[in-house]
Trainee: 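Okay, handing you the structure first.
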There are 2 protein chains.
Amino acid sequence: MAVTNAAVKIPFEAPAPEKRARNRAATEQAILDAAKRLLAEEGFQNFGINAVARGAGCDKQLIYRYYGGLNGLVEAIGTDLGSWVADRIPDDTGGMFLLTYGDLMERLSMLFLDALRADPLMRRIVAWEVSESSEQVRRLSEARSKALAGWIERMRGSLVPPKGVDAQAVNAMIFAAIQHIVLASAVSDQCAGLALKNSKDWEKAAIALKRIVRGVYG
Amino acid sequence: MAVTNAAVKIPFEAPAPEKRARNRAATEQAILDAAKRLLAEEGFQNFGINAVARGAGCDKQLIYRYYGGLNGLVEAIGTDLGSWVADRIPDDTGGMFLLTYGDLMERLSMLFLDALRADPLMRRIVAWEVSESSEQVRRLSEARSKALAGWIERMRGSLVPPKGVDAQAVNAMIFAAIQHIVLASAVSDQCAGLALKNSKDWEKAAIALKRIVRGVYG
DNA sequence: CTTGCTAATCACCGATCGGTGACAGATTGG
DNA sequence: CCAATCTGTCACCGATCGGTGATTAGCAAG
């Protein structure tokens with residue numbers, strides 16, 4: 001055949017002279033890291049076997065071997081998510097005394113808002129959750145909400161919501177608002193006409209959020 | 001006889017004897033309808049030239065010719081969105097007297113919640129908005145928020161928010177909460193631990209929402 | 001050194017994607 | 001009647017996707 005040998009691909013091999021040694025554990029970690037990085041930076045849209053393998057600098061076959069495919073890999077990300085959450089959201093009260101349930105929810109709202117804003121991976125996962133109904137994302141979703149619920153329970157202590165208020169429903173609304181507003185800001189710097197660019201904008205959003213919390217819980 | 005003839009492809013030609021006549025306007029409409037249907041039913045993930053052409057029962061070439069590709073088609077959907085919103089969200093007060101800004105926002109919240117729940121296309125678009133930052137979705141987003149803002153302005157009448165409350169920020173939070181909770185319910189029947197399946201669940205959600213509105217606006 | 005095990009790579013598959021150029025059939029104007 | 005125009009169809013392109021079988025390369029025990 002007319003060999004076109006001159007057309008060989010030189011696939012950008014040079015600048016990574018650090019070849020990983022023959023080491024399964026390290027490769028597994030590299031794959032997992034690449035998956036998280038890719039999901040955080042590019043979103044779930046172009047998240048696939050080929051992309052992860054490229055990002056990890058290894059063959060996709062290894063993803064099948066070590067994780068059983070994308071599903072297993074996503075599951076592994078979910079497993080990671082628990083500690084991930086624990087690492088990124090403070091467990092303490094920030095030196096405040098949370099005397100009432102309103103104090104608590106105000107504090108939780110602010111912590112969650114800041115944590116989500118600072119965590120692209122978590123944002124992408126939330127966006128994924130509301131966009132697709134596959135088994136993959138269902139697992140991720142479960143891991144996330146479990147970690148979150150655990151965190152809230154830990155922070156709650158012995159505080160109880162006021163009588164006559166469906167705290168579960170109200171809190172779901174509050175967390176929903178935070179999630180949506182952070183997601184919207186990440187793609188368009190605004191939400192429902194409210195600018196969400198600089199820290200001044202966010203200060204307004206935070207005040208509004210506190211106002212809502214206090215309006216319900218006093 | 002060993003009829004190899006049986007192996008011929010019969011490409012499922014029969015059950016659609018209704019061939020569209022040679023008619024550009026009708027074809028354009030069929031494409032637009034197919035696009036909206038596809039987006040509403042399948043989501044933005046598998047929304048593409050090929051899928052739309054399949055759905056419209058015509059060649060994709062026509063989409064390029066009549067709409068200039070997917071971008072133009074999405075833009076056409078955006079243009080449609082104005083009347084779409086106007087058709088689906090009531091403009092009247094439902095026989096209520098909206099005496100205060102709180103009355104208004106409570107009513108708007110309920111209307112928006114119901115409308116979004118009943119409108120899969122709008123849901124998909126919102127999910128798209130928070131998942132991708134392309135020019136396509138930016139156009140859609142603008143059309144949607146414009147239609148929404150117009151609706152709110154129309155409903156507002158002469159009512160003004162109470163002093164000392166950043167109504168824009170608070171309302172953004174409320175609408176964000178509604179959008180996220182509806183999106184979440186559409187894929188997983190729950191949000192942040194709150195079940196959102198039957199009408200009883202939704203009644204609880206609605207009450208919580210009203211509570212929040214009343215907590216802020218009285 | 002040879003044998004085996006395993007990490008890792010390579011080559012290929014069919015399917016689908018977005019996109020384009022060429023062509024067929026109907027309609028219309030001269 | 002012919003030619004131009006418009007609607008619609010078809011075949012094909014390169015790229016990428018998820019997935020798999022065969023193969024190479026490094027390491028340790030015998």
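No hydrogens, no waters, no symmetry mates; every other heavy atom, side chains included, goes into these values. Sequence lines set the chain letters: A, B, ... in the order given, protein chains first and strands last, and positions in each chain run from 1. Nothing here was measured: the structure is a model prediction, and the numbers come from that model.
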Trainee: Hey, does B:Arg138 have a side-chain heavy atom less than 4.5 Å from the side chain of B:Ser133?
Mentor: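 Yes. Closest side-chain heavy atoms under 4.5 Å.
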
Trainee: If I take atom OH in residue A:Tyr64 and atom P in nucleotide C:dA8, what distance separates them, rounded to the nearest angstrom?
Mentor: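 Rounded to the whole Å, the gap is 18 Å.
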
Trainee: When the distance from CD1 of B:Ile31 to C1' of D:dG8 is rounded to whole Å, what number comes out?
Mentor: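 Roughly 11 Å, once rounded to whole Å.
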
Trainee: To the nearest 0.5 angstrom, please state how far the CD atom of A:Gln179 sits from the CD1 atom of A:Ile125.
Mentor: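 Spacing of CD (A:Gln179) from CD1 (A:Ile125) equals 11.5 Å.
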
Trainee: Checking B:Arg117 side chain against B:Val182 main chain: does a donor-acceptor pair fall under 3.5 Å?
Mentor: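 No, B:Arg117 side chain to B:Val182 backbone: no donor-acceptor pair under 3.5 Å.
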
Trainee: Distance check needed: D:dC6 C1' versus B:Leu62 CG, whole Å only.
Mentor: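 Value for this atom pair: 11 Å.
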
Trainee: Treating A:Ser141 as the side-chain partner and A:Val137 as the backbone partner, does any N or O pair qualify as donor plus acceptor under 3.5 Å?
Mentor: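 Answer holds: no.
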
Trainee: For the side chain of A:Tyr67 and the backbone of A:Glu28, is there at least one donor-acceptor N/O pair under 3.5 Å apart?
Mentor: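 Yes: the side chain of A:Tyr67 pairs with the backbone of A:Glu28.
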
Trainee: Measure from CG on A:Asn23 to C1' on D:dA25 and round the result to the nearest Å.
Mentor: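 My rounded result for the distance is 16 Å.
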
Trainee: Would you say B:Tyr66 reaches D:dG8's phosphate, i.e. side-chain N/O to OP1/OP2 under 4.0 Å?
Mentor: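 For B:Tyr66, the contact criterion (side-chain N or O under 4.0 Å from OP1 or OP2 of D:dG8) is met.
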
Trainee: Show me the donor-acceptor pairs within less than 3.5 Å that the side chains of residues 199-206 of chain A make with the rest of the protein, sequence neighbours left out.
Mentor:
| from | atom 1 | to | atom 2 | distance (Å) |
| --- | --- | --- | --- | --- |
| A:Asp201 | OD2 | A:Lys197 | N | 2.9 |
| A:Asp201 | OD2 | A:Asn198 | N | 3.2 |

Trainee: Enumerate the protein-to-nucleotides 23-26 of chain C contacts in which both atoms are nitrogen or oxygen and the separation is below 3.5 Å.
Mentor:
| from | atom 1 | to | atom 2 | distance (Å) |
| --- | --- | --- | --- | --- |
| C:dG25 | N2 | B:Arg22 | NH1 | 2.6 |
| C:dG25 | N2 | B:Arg22 | NH2 | 2.6 |
| C:dA26 | N3 | B:Arg22 | NH2 | 3.4 |

Trainee: As a test of reading the structure: which of D:dT20, C:dA8, C:dT20 is closest to the side chain of A:Gln61, going by heavy atoms?
Mentor: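 The answer is D:dT20.
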
Trainee: Is any side-chain nitrogen or oxygen of B:Thr27 closer than 4.0 Å to OP1 or OP2 of D:dG8?
Mentor: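 Answer is yes, contact under 4.0 Å.
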
Trainee: Nearest of C:dT9, C:dG18, D:dG19 to any side-chain atom of B:Lys60?
Mentor: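 The answer is C:dG18.
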
Trainee: Distance-only, no hydrogens or angles: does the A:Arg124 side chain make a donor-acceptor pair with backbone N or O of A:Glu41 under 3.5 Å?
Mentor: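 Such a contact is found between A:Arg124 side chain and A:Glu41 backbone.
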
Trainee: Kindly say whether A:Ala115 contributes a backbone atom to a donor-acceptor pair with the side chain of A:Asp119 at under 3.5 angstrom?
Mentor: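 Such a contact is absent between A:Asp119 side chain and A:Ala115 backbone.
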
Trainee: Compute the angle between the rotation axes at the two ends of the helix from C:dC1-D:dG30 to C:dG30-D:dC1, each taken over five pairs, rounded to 10 degrees.
Mentor: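 The end axes of the helix from C:dC1-D:dG30 to C:dG30-D:dC1 are about 30° apart, to the nearest 10°.
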
Trainee: Does B:Asp80 offer a backbone N or O that forms a donor-acceptor pair with the side chain of B:Ser83 under 3.5 Å?
Mentor: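 Flag set: sc B:Ser83 to bb B:Asp80 pair under 3.5 Å.
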
Trainee: Is any side-chain heavy atom of B:Val165 less than 4.5 Å from a side-chain heavy atom of A:Arg211?
Mentor: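 With C-beta onward as the side chain, the pair touches.
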
Trainee: Would the distance check show the side chain of A:Gln168 and the main-chain N or O of B:Gly193 forming a donor-acceptor pair, the cut-off being under 3.5 Å?
Mentor: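 Looks like yes, one N/O pair under 3.5 Å.
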
Trainee: Does any residue of residues 39-54 of chain A have a heavy atom under 4.0 Å from DNA chain C, and if so, which ones, in number order?
Mentor: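 Within this stretch, nothing sits under 4.0 Å of the strand.
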
Trainee: For DNA chain D, which residues in residues 128-138 of chain A have a heavy atom at a distance below 4.0 Å?
Mentor: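 Here the set is empty: none.
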
Trainee: For residues 104-114 of chain A, tabulate all N or O donor-acceptor pairs below 3.5 Å that involve a side-chain atom, not counting sequence neighbours.
Mentor:
| from | atom 1 | to | atom 2 | distance (Å) |
| --- | --- | --- | --- | --- |
| A:Glu106 | OE1 | A:Arg214 | NE | 2.5 |
| A:Glu106 | OE1 | A:Arg214 | NH2 | 3.0 |
| A:Arg107 | NE | A:Thr93 | O | 3.1 |
| A:Ser109 | OG | A:Met105 | O | 2.6 |

Trainee: Check whether any side-chain N or O of B:Trp151 sits under 3.5 Å from a backbone N or O of B:Pro90 as a donor-acceptor pair, and report yes or no.
Mentor: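 A pair under 3.5 Å: yes.
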
Trainee: Send over the distance from B:Ile63 CD1 to C:dT20 P, rounded to a whole Å.
Mentor: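 About 14 Å, once rounded to whole Å.
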
Trainee: If you measure from CG on A:Leu81 to NZ on A:Lys146, what distance do you get to the nearest 0.5 Å?
Mentor: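 Nearest 0.5 Å value for the CG-NZ distance: 12.5 Å.
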
Trainee: How many Å lie between CG on B:Asp59 and C1' on D:dA11, as a whole number?
Mentor: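 My rounded result for the distance is 10 Å.
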
